[in-house]
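Only a predicted model underlies this, so the values are computations on that prediction, with no experimental measurement involved.
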There are 4 protein chains.
Amino acid sequence: MPMETAPPRHLTPRRRPRQARATATLDAIFEATIQVLIAVGPNRLTTTRVAERAGVSVGTMYQYFPHKQALFYALNERYLDALAERVEGTCRAMQGAPIGQMVEALVATYWSAKTERPEVTRALYRSVVELDNGALIDAFARRVDRATAEMFASAPDATFADLQTVNLTLLASIFGTVRSAFERNLPELQGEAVKRQLITMCRAYMETVKLPSHESEAAKKNPSPGQEAALAGIGKS
Amino acid sequence: MPMETAPPRHLTPRRRPRQARATATLDAIFEATIQVLIAVGPNRLTTTRVAERAGVSVGTMYQYFPHKQALFYALNERYLDALAERVEGTCRAMQGAPIGQMVEALVATYWSAKTERPEVTRALYRSVVELDNGALIDAFARRVDRATAEMFASAPDATFADLQTVNLTLLASIFGTVRSAFERNLPELQGEAVKRQLITMCRAYMETVKLPSHESEAAKKNPSPGQEAALAGIGKS
Amino acid sequence: MPMETAPPRHLTPRRRPRQARATATLDAIFEATIQVLIAVGPNRLTTTRVAERAGVSVGTMYQYFPHKQALFYALNERYLDALAERVEGTCRAMQGAPIGQMVEALVATYWSAKTERPEVTRALYRSVVELDNGALIDAFARRVDRATAEMFASAPDATFADLQTVNLTLLASIFGTVRSAFERNLPELQGEAVKRQLITMCRAYMETVKLPSHESEAAKKNPSPGQEAALAGIGKS
Amino acid sequence: MPMETAPPRHLTPRRRPRQARATATLDAIFEATIQVLIAVGPNRLTTTRVAERAGVSVGTMYQYFPHKQALFYALNERYLDALAERVEGTCRAMQGAPIGQMVEALVATYWSAKTERPEVTRALYRSVVELDNGALIDAFARRVDRATAEMFASAPDATFADLQTVNLTLLASIFGTVRSAFERNLPELQGEAVKRQLITMCRAYMETVKLPSHESEAAKKNPSPGQEAALAGIGKS
DNA sequence: TATGAATGAGCGTTCATTCAT
DNA sequence: CATGAATGAACGCTCATTCAT
């Protein structure tokens, strides 16, 4: 699925990899960038260092990326693409599931994606400063927004007065909480606990703001106090 | 109020401001740093530029900060101190209030603090990369943790099986969501909507995970399904 | 006397020398540039090499010149200024002299200026490629044009139907012939011979194209065949 | 026609073009060089760019020219060869003509050659810096010297006390004036005017320095004052 | 033989830091 | 103490040249 906002031309690799060799080189460069990012941070990352680590010459690197920024841009693009794909996969898989399971799956997917190679995640969080990444983040956000909104719309047990806002909030919360947890460098166990709590929080939220669906007529007549407040909140905006 | 983790000695201003003059100079430097950060970003921020903007010479700046990092460190320290103070103020003010109001006040305080001068907030978010900020963030987090935990413990209408984890999750969620919202550059109105929804979410979460307090015996006998799940979740960890 | 076309701001030294020290540094840099130019030519002239030779650091050089081009620009500007001044001096001195002496003095001045430090002259001829020197040359040319035209206009023994064109041609011839002679690397003696011949040529030319002045009525009635052709030539243009 | 001074071996094309294919390639490379020179100037001219423009690979280019310098050398060689040929043609054609016509034809030929493709001329003037062109220029100069000297010697209406010096001066003047005119970027019309004036100047010069030939005994007895001066000038050298 | 990806020395330029004034 | 000119290591990037294919 293509991104909505085409990335500025000059931030794209100069040559598209056509042969296996080029792809391997590209991979090596990306991996080297991450490794250098982890090892010395974005400030002391130099093109020479990356090239060395990737086992290519600077010149070669510059055949793939017209400048340093382009490297960071491509790296983030690639990473966000993969991430978006995983989220989209989950969304597809959970079409029609009960809302609670959707939320759980969503958090689990995102959490896993960020946690599998935590140093990489951290490195990328840090690399972002080098970048005019507005467009990239936007594109990613929109892409995920759409996927999750579609999923939620398919829930049999819930509809929403303002799905758009609910969706936005939910994603901001998931993405942000994961980042915060990361930045606090929680020990494994505590991390897991937070993850579970995050699921609880998101489920509670969705329960609170959902409208009773056609399939659960009973609830419509006795909205919980929390629901009332939430609806009022949205209504007032 | 001193921080728990003493900052590495070399990251502290060389001279403690004793005179009004020195304080004024320090303020000017900090403000200049922020302005330059906003204007050109952390990569093109140079010590010379900051000094110029602050109306002092580089040499003078180096009397206050032994190197660039120290400047960023002190800037963030100062900012986080102020932020922590505001949160602590709110916590003190909400001692003994119902849990829902506590949450609402907490979100509102943090949101305001971040939103009042959004460019400054953004600038600081960006400046962080220059920094080995682990210690700083830790200290800030711990300080806020303690304040909010104390506040929640004083709630007349709720107790928690694992206040520590709940507190951690709540803060991660608030801090993270605000940051996410920031990074998406939401228009004013949508931002407000998300803020309200964040309150809803946090209240729903606290409602879900709270144990019925001694003062509300009734609830203890009919826990909601959500509460059951949440408690189970904590229990399993 | 200021130049007509102000040089592009970015091609001017960053800091105007205010103290003796700065002036000395500037001189050292200019001299070093010339020496390096002579030693290795414009292609292998590097900012580092110039700085080294000037006994300053690159950084210092960049305080005076924002980039390499600016250095070349300033060097040529300075040289052309001095050259123009000398020519203007001669023109002032020869006001009212007979046309033949004017021409002789003009050639002598220009020739001397170029010949005194021949390697410098050659170095500067070569440095020009690095430069968008159109403006500089124009300014110089205009300045000299004006000075010589004024001088010729004051000649008691000649007036010209189209002084503008005559002047232009004469200067092109002098400047060009000197350059050509230079490029052929003539031995001292032969160079001197060419110089004398150049004077002869220019005098012959002026004799040919001059109109008899009021003070020499006789000539008016018997124009030489050469004069006729020349006048026709101008007339036809 | 071979040059007098053999060019340094390493500055010569590696392969002498024997087949039509090779010649076409060479032509393409030369033309491409000129185009690139015009488009971006000698400093930003790269071998890759030239090869691209010529429609060959860099590798191929390096088969014809062992390095960049050799390319420039060959380009100038070719250009100067053609130019010399044209001048020689004119000289042959004007054998035995009156001196005035010789001069006129000579200027006209040279002027045309330089003016026909002015951007090319300018590009080549600029390319010269890349080159240790002393040998090339020398060879060209000597070749033209010989041709014109021979022509002038055949003039029926003039002989010269020091043909060598007169010839040298005349050529320096023509070549130099044309170059100067070029560098001042004169508008078409003014250019034409200068050209005509240059002819006038050169004719006047030759008239002044010529000795009356055997065929015009009368003149010998009444040398004009200008002639006297000129002869004295030569004599003194 | 032609190709063009790869190389890496070397360039122009920046900027944190020092220290003579 | 304050100043800001001077320093020079280090960076991003280019491009002549090579050589495996």
Side-chain angles (χ1 to χ4, degrees), chain A residues 14-15 17-19 21-22 25 43-52 55-71 130, chain B residues 14-15 19 21-22 25 43-52 55-71 130, chain C residues 14-15 17-19 21-22 25 43-52 54-71 130, chain D residues 15 19 21-22 25 43-52 55-71 130:
Chain A
R14 228 175 219 164
R15 78 175 44 254
R18 297 222 172 119
Q19 302 133 21
R21 178 114 103 100
T25 302
N43 279 328
R44 295 180 44 225
L45 176 151
T46 70
T47 50
T48 312
R49 256 198 272 264
V50 170
E52 242 164 36
V56 302
S57 67
V58 227
T60 297
M61 242 192 61
Y62 272 84
Q63 283 209 323
Y64 290 92
F65 303 99
H67 39 250
K68 207 186 167 191
Q69 268 220 45
L71 174 60
E130 300 287 328
Chain B
R14 231 176 219 163
R15 58 169 44 249
Q19 304 132 20
R21 177 121 101 98
T25 303
N43 281 329
R44 294 180 45 223
L45 175 151
T46 70
T47 50
T48 310
R49 251 199 274 260
V50 170
E52 239 165 39
V56 301
S57 69
V58 228
T60 298
M61 234 187 68
Y62 270 80
Q63 293 252 324
Y64 290 92
F65 304 99
H67 40 250
K68 209 185 167 191
Q69 270 222 43
L71 172 61
E130 300 287 330
Chain C
R14 228 176 221 165
R15 80 176 41 256
R18 297 220 174 122
Q19 304 132 21
R21 178 114 103 100
T25 303
N43 280 328
R44 295 181 44 224
L45 176 151
T46 70
T47 50
T48 311
R49 255 198 271 264
V50 170
E52 242 164 35
V56 301
S57 68
V58 227
T60 297
M61 243 192 59
Y62 272 83
Q63 283 209 323
Y64 291 91
F65 304 98
H67 38 249
K68 208 186 167 190
Q69 267 221 46
L71 174 61
E130 300 287 329
Chain D
R15 57 168 47 246
Q19 303 133 20
R21 176 121 100 100
T25 302
N43 281 330
R44 294 179 45 223
L45 175 151
T46 71
T47 50
T48 310
R49 252 199 272 261
V50 170
E52 239 165 38
V56 301
S57 69
V58 229
T60 299
M61 234 187 67
Y62 270 80
Q63 294 252 320
Y64 289 92
F65 304 99
H67 40 250
K68 208 186 169 191
Q69 270 221 44
L71 172 62
E130 301 288 329

For R49(D) and R44(D), the nearest pair of non-hydrogen atoms, with its separation, is NH2-O, 2.8 Å
Q) Does a nitrogen or oxygen in the side chain of Q63(A) sit under 4.0 Å from OP1 or OP2 of dA6(E)? A) yes
In this structure, CD of E52(A) is separated from OG of S57(A) (nearest 0.5 Å) by 11.0 Å
Atom OH of Y64(B) and atom C1' of dT3(F) are separated, to the nearest Å, by 14 Å
In whole angstroms, the gap separating P of dT17(F) from CG of L71(D) amounts to 11 Å
Read 5' to 3' with Watson-Crick or G-U pairs under 3.5 Å, [ ] for crossing pairs and | for partners on another strand, DNA chain F gives .||||||||||||||||||||
- prompt: With respect to the phosphate group of dA6(E), does any side-chain polar atom (N or O) of S57(A) fall under 4.0 Å of OP1 or OP2?
  reply: no
Can you check whether Y62(B) reaches T47(B) side chain to side chain, under 4.5 Å on heavy atoms? yes
Contacts of T48(B) meeting side chain to side chain donor-acceptor pair (under 3.5 Å) (sequence neighbours excluded), chain-then-number -> none
Between T25(B) and Y64(B), the two heavy atoms sitting closest are CG2-CE1, 3.7 Å
| query | How about K68(A) and V50(A): do any of their side-chain heavy atoms sit closer than 4.5 Å? | reply | no
Taken to the nearest whole Å, CE/M61(B) to C1'/dG4(F) is 13 Å
Heavy-atom side-chain proximity of N43(D) to N43(C) below 4.5 angstrom
yes
Contacts under 3.5 Å, N or O only, protein and nucleotides 10-13 of chain F:
unit_1  : atom_1 : unit_2 : atom_2 : d
dC11(F) : OP1    : R49(A) : NH2    : 3.4
dG12(F) : OP1    : K68(A) : NZ     : 2.7
dG12(F) : OP2    : T47(A) : N      : 2.9
dG12(F) : OP2    : T47(A) : OG1    : 3.4
dC13(F) : OP2    : Y62(A) : OH     : 2.6
dC13(F) : OP2    : K68(A) : N      : 2.9
dC13(F) : O5'    : Y62(A) : OH     : 3.3

On DNA chain E, more 5' by nearest nucleotide between V56(A) and G59(D) is G59(D)
